[in-house]
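To start, the structure under review is shown below, and the notes come after it.
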Amino acid sequence: MDKNIQQLKQRADEAKYLYQQGEMEYDAMREVVQKYIDAGNEIAKRIAKEYNARPRLMNVRSYIR
């Protein structure tokens, strides 16, 4: 994982934790998490194309579970 993805994941994990504790609203949490999900989905698409497979994409709902 490159440094940018690691930073996005750390921010997404913090936002997820604050949301689960009730200290952050869903819309604010979604904005932070969506940046990480978009970056992860791009990597998944690139890898899937390389191996001629279907990408396994994330979404906000599945990430916060």
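Numbers here are sequence positions counted from 1. Note that the structure is predicted; figures quoted are calculated from it, not measured.
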Next on the checklist: Give me the atom names and distance for the closest heavy-atom approach of Val33 to Ala12.
Outcome noted: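 Here Val33 and Ala12 meet closest at CG2-O, 3.9 Å.
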
Checklist entry - Considering residues at least two apart in sequence or located in another chain, which fulfil the salt bridge (charged side-chain N to carboxylate O under 4.0 Å, His left out) criterion with Asp38? => result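 Asp38 satisfies salt bridge (charged side-chain N to carboxylate O under 4.0 Å, His left out) with no residue once adjacent residues are dropped.
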
Next on the checklist: Is there a side-chain contact between Val60 and Ile37 in this structure, where contact means two heavy atoms from C-beta onward sitting under 4.5 Å apart?
Outcome noted: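 Counting from C-beta outward, Val60 and Ile37 do come under 4.5 Å.
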
Next on the checklist: With heavy-atom distances below 4.5 Å as the criterion, would you say the side chains of Tyr36 and Ile5 are in contact?
Outcome noted: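 In contact.
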
Checklist entry - What residues, two or more places apart in sequence or in another chain, satisfy side chain to side chain contact (heavy atoms under 4.5 Å, CB included) together with Asn52? => result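 Expected list: none.
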
Item to check | side chain to side chain contact (heavy atoms under 4.5 Å, CB included) against Lys45, all qualifying residues, sequence neighbours excluded | outcome: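 Expected list: Glu42, Pro55, Leu57.
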
Next on the checklist: Under the salt bridge (Lys or Arg N to Asp or Glu O under 4.0 Å) definition, can you give me all pairs with a residue in residues 48-65, not counting sequence neighbours?
Outcome noted: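 Of all non-adjacent pairs touching residues 48-65, none passes salt bridge (Lys or Arg N to Asp or Glu O under 4.0 Å).
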
List the atom pairs, with distances to 0.1 Å, where a side-chain N or O of residues 14-32 and a protein N or O form a donor-acceptor pair under 3.5 Å, not counting sequence neighbours.
| unit_1 | atom_1 | unit_2 | atom_2 | d |
| --- | --- | --- | --- | --- |
| Lys16 | NZ | Tyr63 | O | 3.4 |
| Gln20 | NE2 | Ile64 | O | 3.1 |

